[in-house]
Undergrad: 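Structure provided below as structure tokens; questions to follow.
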Amino acid sequence: MATLSETIRNSQIWKSIFRHPMPVDRRNRVVVMLTNFFLHLHPVSIKKQGIALSFTWCMGGVTFFLFLVETVTGVLLMFYYRPTLEWAYNDILALRDVTSLGILRELHRWGAHAMVITVWLHMYRVFLTGSYKPPREFNWVVGVVLLLLTLLLSFTGYLLPWDQLAIWAITVGSNMARATPFLGYEGPGAQLLTVDGIDMITNASDARFGLLGARFVGEETLNRFYVLHCIAIPLAVALLLAIHFWRVRKDGGISGPL
Amino acid sequence: MHGHVSEPEFLEQISGFLGVYYLTLATMNGIAAYYLWQSKRSAVLFRVGKNQFTTATLWLAVSVVFLFLAPIAMSGDPQWMRLASIPQPLRDLADFLMGPVVYTVGTMVVLLLMFLAREFFVKPVVAWGLLNLSLLLMGLSITDVDFAAIVTKPDNVPIVGLVFLLGFFTWLATYRAVENDKRKERGEPSLEALNNEKILVWPDLVYTELICMVALTAFLLLWAIGLQAPLEEPASSVKTPNPSKAPWYFLGLQEMLVYFDPWMAGVVLPSLVIFGLMAIPFLDYNKAGNGYYTIKERMFAYLTFQFGFLVLWITLIVMGTFLRGPNWNFFGVYETWDTHKVEALNNVDLSEYFWIYLLGQARPQAPAGSATATKLAFILYREAPGIIALLLYFIVVPPALVLYSKFFRRLFAHMGFIRYMVMANLLLMMALLPIKMIFRWSPLNMKYFIAIPEYLTNL
């Protein structure tokens, strides 16, 4: 056995992937952090309190991990689910009753709820340790945008099962946009936006229409939310996550007493 | 919300879960007692003669209590289950006493007391006791059909988790903050500063991450196996469910609809929450408390954030989720959701109070057929009391605070005019909600300070 693993680790293939020996001594433990793509997000060394769970609660990391879980389960669900009025509900029904590995939907939904909670806990920790203070002000702002995007991801995903729970939750939520000042047709000031007595802001041109793609939650909405949920928002989140992590490093690593 | 099952059937259904629940609690306390005893950390609570009653003894006793509850719960027998339930008269009393006012004010008072006596509440023995107590209350309550229905609804389960997680992490943060504040008073470095040595990320952090990922995956799998994701009837745009609720994380906003019109509750205030959060680092100039838990060194920032997060965000979500039923009426946790419950709404606007009650005359109204500008002038005249009050609120309060409060004077001196005004107005915006709540609950039953339904502008 020992010789076999030796042979593998000395092979050209292994060495082409991992450009250094196993990280068992100090030198190679440093090198591994610098030469591995996935590990290079981390610093090489860190203050002990920076990784103490009683300090960090690990909530930022847990949130990121949940984002990965959502991505993987989400992609798998996309193979199965069709966002049309004809199929959406039936596909979810089949995931529950017929399909093997239909549990992916449970993983995806509970992971999404958990992600909202862990984002809040992460922000709670960052606030309580004053970690938004200089030099990390901007990263806090990026974090707030990520919070907003997390909520929007969850909100857009809520519609996709196309059951009563879904459309009415989205109806209640998106009805708010109807009342946007000036931009919603039931909002303050919208009546003032008229040209020659013709209303500019109607229920077919206001903020809610822009959100739903229709006057009410319907097929256009399902399509719109599907694209937002699966493509647009995840891409934005991925970009901001990269900036968020990069700034953690550039702003001096995890916060600690000076 | 009675399903189609009878009481005995319902008890039979939950008996298995409840039995395991109590066994888990018994194990949890048994481990705690064993840990305290083994590590010799258990403190003596009191002595009877030569016998010491320690914390280890206490948790052992609690464990035994749970151990007795487990078979009672597992029996599923209505007679026996009554022993493991909150007596019906007490449930009725709780429902009777509960209302939006009692709930909101009560939560605030409890949180305030816990904050003031935080040195007492962060003691592990107290915190553990409170955890046991709340878990016991959960267990004793879940034999109630209505309580079980609302708490075990699949999408509500995460919120039960959220409440316990928030309780735990608030305890942890406060525990460390109290400890740090004491250390600073003694001139010692913070807990975080003690742990200053540098270590390599491989293996310490990388392995922690790996273990976290494995544990979390296992947890998610168990959750996914144990609890099915909700799927209701197919969507129908003609069958409106009552109540229609937004996703749970927006229920705080939906709850605000009781006090504000949608343009405030759904658009302006949420935008300001996001803007206000982003503004925090640029408004909080206090350099202390960066990278360690503390309360005393940043009291104002701490209290403002906790008021916004725990009181205005979390408790409203909990209320919107568990306590709001059909027609958005308030229901106690043991109360059946009755669609026909009627609550008298007799709200009065400020302008009605001013013109009709105070001056004893009709509210000003533009003569029929007058031009738009005239109508608008009359509307503004009619709503003048509210408009003036609001202007005074936003324009006069910030400078008044500077003039009459030493604390705000110091803030003003540090922040300069613009930053100070941004902060003050954000605080005033945040205070609008509790202010509207109080005016609504008061005998005045005040609805709008400014009511301009003609232009959909009510505040």
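Proteins get letters first, then strands, A, B, ... in listed order; numbering begins at 1 in each.
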Undergrad: Can you confirm whether Asn196(B) sits close enough to Gln49(A) that some side-chain heavy atom of one is under 4.5 Å from a side-chain heavy atom of the other?
TA: no
Undergrad: Check each atom of Tyr158(A) against the heavy atoms of chain B and say whether the ones under 4.5 Å are side chain, backbone, both or neither.
TA: side chain
Undergrad: Given a strict heavy-atom distance threshold of 4.5 Å, which part of Lys245(B) is in contact with chain A: side chain, backbone, both, or neither?
TA: backbone
Undergrad: Just say parallel, tilted or perpendicular for the rings of Tyr293(B) and Phe55(A), cut-offs at 30° and 60°.
TA: perpendicular
Undergrad: Contact part of Val62(A) toward chain B, heavy-atom cut-off under 4.5 Å: side chain, backbone, both or neither?
TA: both
Undergrad: Please state whether the side chain, the backbone, both or neither of Val157(B) comes within less than 4.5 Å of a heavy atom of chain A.
TA: neither
Undergrad: Determine whether the side chains of Thr129(A) and Tyr292(B) contain a donor N or O and an acceptor N or O closer than 3.5 Å.
TA: no
Undergrad: Are the side chains of Val267(B) and Pro181(A) in touch, meaning some heavy atoms are under 4.5 Å apart?
TA: yes
Undergrad: Considering only heavy atoms, which portion of Arg109(A) lies under 4.5 Å from any heavy atom of chain B: side chain, backbone, both, or neither?
TA: side chain
Undergrad: Run the side chain to side chain contact (heavy atoms under 4.5 Å, CB included) check on His42(A) and Glu209(B) step by step: do they pass?
TA: CA-CA 11 Å; His42(A) 300 86; Glu209(B) 286 174 349; 2.8 Å; yes
Undergrad: Passes side chain to side chain contact (heavy atoms under 4.5 Å, CB included), Phe65(A) versus Thr217(B)? Steps please.
TA: CA-CA 9 Å; Phe65(A) 178 67; Thr217(B) 310; 3.3 Å; yes
Undergrad: Which residues in residues 187-194 of chain A have any heavy atom lying under 4.5 Å from a heavy atom of chain B?
TA: Gly187(A), Pro188(A), Gly189(A), Gln191(A), Leu192(A)
Undergrad: What residue in Thr180(A), Val30(A), Ile117(A), Ile46(A) has the most heavy-atom pairs under 4.5 Å with chain B?
TA: Ile46(A)
Undergrad: Under 4.5 Å from any heavy atom of chain B, what part of Ser154(A) do you find: side chain, backbone, both or neither?
TA: both
Undergrad: Relative to chain B, which segment of Ile51(A) carries a heavy atom at a distance below 4.5 Å: side chain, backbone, both, or neither?
TA: side chain
Undergrad: Checking Leu121(A) against chain B: side chain, backbone, both or neither under 4.5 Å from a heavy atom?
TA: side chain
Undergrad: Using side chain to side chain donor-acceptor pair (under 3.5 Å) as the criterion, list what pairs up with Glu186(A), not counting sequence neighbours.
TA: Arg178(A)
Undergrad: Considering residues, nucleotides and ligands other than Arg27(A), do more than 12 of their heavy atoms fall under 6.0 Å from its CZ?
TA: no
Undergrad: Is a donor from one side chain sitting under 3.5 angstrom from an acceptor on the other, for Asn290(B) and Tyr132(A)?
TA: no
Undergrad: If I measure from the heavy atoms of chain A, does Ile317(B) come under 4.5 Å with its side chain, its backbone, both, or neither?
TA: side chain
Undergrad: Show me the donor-acceptor pairs within less than 3.5 Å that the side chains of residues 251-258 of chain A make with the rest of the protein, sequence neighbours left out.
TA:
unit_1: Asp251(A); atom_1: OD1; unit_2: Arg247(A); atom_2: NE; d: 3.4
unit_1: Asp251(A); atom_1: OD2; unit_2: Arg247(A); atom_2: NE; d: 3.4
unit_1: Ser255(A); atom_1: OG; unit_2: Ser131(A); atom_2: OG; d: 2.7

Undergrad: For residues 137-144 of chain A, which side-chain N or O atoms pair as donor and acceptor with protein atoms under 3.5 Å away, sequence neighbours left out?
TA:
unit_1: Asn139(A); atom_1: OD1; unit_2: His244(A); atom_2: ND1; d: 3.1
unit_1: Asn139(A); atom_1: ND2; unit_2: His244(A); atom_2: O; d: 3.1
unit_1: Trp140(A); atom_1: NE1; unit_2: Leu277(B); atom_2: O; d: 2.5

Undergrad: Output yes when a side-chain donor or acceptor of Trp110(A) lies under 3.5 Å from a complementary backbone atom of Gln228(B), and no otherwise.
TA: no
Undergrad: Please classify the contact of Thr174(B) with chain A as side chain, backbone, both or neither, using a heavy-atom distance under 4.5 Å.
TA: neither
Undergrad: I would like to know whether Leu66(A) and Leu216(B) meet side chain to side chain contact (heavy atoms under 4.5 Å, CB included); could you show each step before the answer?
TA: CA-CA 9 Å; Leu66(A) 285 170; Leu216(B) 201 62; 4.2 Å; yes
Undergrad: Between Pro189(B) and chain A, with a heavy-atom cut-off of 4.5 Å, which part of the residue counts as in contact: side chain, backbone, both or neither?
TA: neither
Undergrad: For the residue pair Leu128(A) and Gln306(B), establish whether any side-chain heavy-atom pair is separated by less than 4.5 Å.
TA: yes
Undergrad: Which atoms of Ile225(B) come close to chain A, meaning under 4.5 Å heavy atom to heavy atom: side chain ones, backbone ones, both, or neither?
TA: both
Undergrad: Tell me, side chain or backbone of Leu191(B) under 4.5 Å from chain A's heavy atoms, or both, or neither?
TA: neither
Undergrad: Let's test your reading of the structure: which of Ile274(B), Asp155(B), Thr208(B) forms the most heavy-atom pairs below 4.5 Å with chain A?
TA: Asp155(B)
Undergrad: Under 4.5 Å heavy-atom distance to chain B, tell me which part of Leu107(A) shows up: side chain, backbone, both or neither.
TA: both
Undergrad: Relative to chain A, which segment of Asp284(B) carries a heavy atom at a distance below 4.5 Å: side chain, backbone, both, or neither?
TA: side chain
Undergrad: Among side-chain atoms of Trp248(B) and His113(A), is any donor-acceptor pair under 3.5 angstrom?
TA: yes
Undergrad: Strictly by modelled atom types, are Ser54(A) and Tyr175(B) linked by a side-chain donor-acceptor pair under 3.5 Å?
TA: no
Undergrad: Does any backbone or side-chain atom of Asp204(B) lie under 4.5 Å from a heavy atom of chain A? Answer side chain, backbone, both or neither.
TA: both
Undergrad: Can you tell which part of Ser190(B) gets under 4.5 Å to a heavy atom of chain A, answering side chain, backbone, both or neither?
TA: side chain
Undergrad: Can you tell me which portion of Asp261(B) sits under 4.5 Å from chain A's heavy atoms? Options are side chain, backbone, both or neither.
TA: neither
Undergrad: Heavy-atom distance under 4.5 Å to chain B: side chain of Tyr185(A), backbone, both or neither?
TA: backbone
Undergrad: Roughly how far, to the nearest 0.5 Å, is the CE atom of Met278(B) from the CG atom of Leu148(A)?
TA: 7.0 Å
Undergrad: In terms of heavy-atom proximity below 4.5 Å to chain B, should Val44(A) be classed as side chain, backbone, both, or neither?
TA: both
Undergrad: Quick check for you: among Arg125(A), Arg26(A), Arg136(A), His108(A), which has the greatest number of heavy-atom pairs under 4.5 Å with chain B?
TA: Arg26(A)
Undergrad: Side-chain contact, heavy-atom cut-off 4.5 Å: Pro43(A) with Val201(B)?
TA: yes
Undergrad: Strictly under 6.0 Å, is that where the ring centroids of Tyr124(A) and Phe309(B) end up?
TA: yes
Undergrad: Can you say whether Leu95(A) sits under 4.5 Å from chain B via the side chain, the backbone, both, or neither, judging by heavy atoms?
TA: neither
Undergrad: Does any heavy atom of chain A fall under 4.5 Å from the side chain of Ile295(B), the backbone, both, or neither of them?
TA: neither
Undergrad: Under 30°, 30 to 60°, or over 60°: which ring-plane class applies to Trp120(A) and Trp313(B), parallel, tilted or perpendicular?
TA: perpendicular
Undergrad: Between Gln164(A) and Ser236(B), is there a donor-acceptor pair closer than 3.5 Å when you use the side chain of the first and the backbone of the second?
TA: yes
Undergrad: Which atoms of Leu39(A) come close to chain B, meaning under 4.5 Å heavy atom to heavy atom: side chain ones, backbone ones, both, or neither?
TA: side chain
Undergrad: Go through the atoms of Leu310(B) and report whether side chain, backbone, both or neither lie under 4.5 Å from a heavy atom of chain A.
TA: side chain
Undergrad: Establish, yes or no, whether a centroid distance under 6.0 Å links the rings of Phe250(B) and Phe155(A).
TA: yes
Undergrad: Just do the side chain to side chain contact (heavy atoms under 4.5 Å, CB included) check on Leu231(B) and Arg105(A) with the steps written out, would you?
TA: CA-CA 11 Å; Leu231(B) 187 65; Arg105(A) 179 181 169 233; 4.1 Å; yes
Undergrad: Measure from the side-chain N and O atoms of Lys287(B) to the backbone N and O of Lys133(A), and report whether any donor-acceptor pair falls under 3.5 Å.
TA: no
Undergrad: What part of Phe219(B) lies closer than 4.5 angstrom to a heavy atom of chain A: side chain, backbone, both or neither?
TA: neither
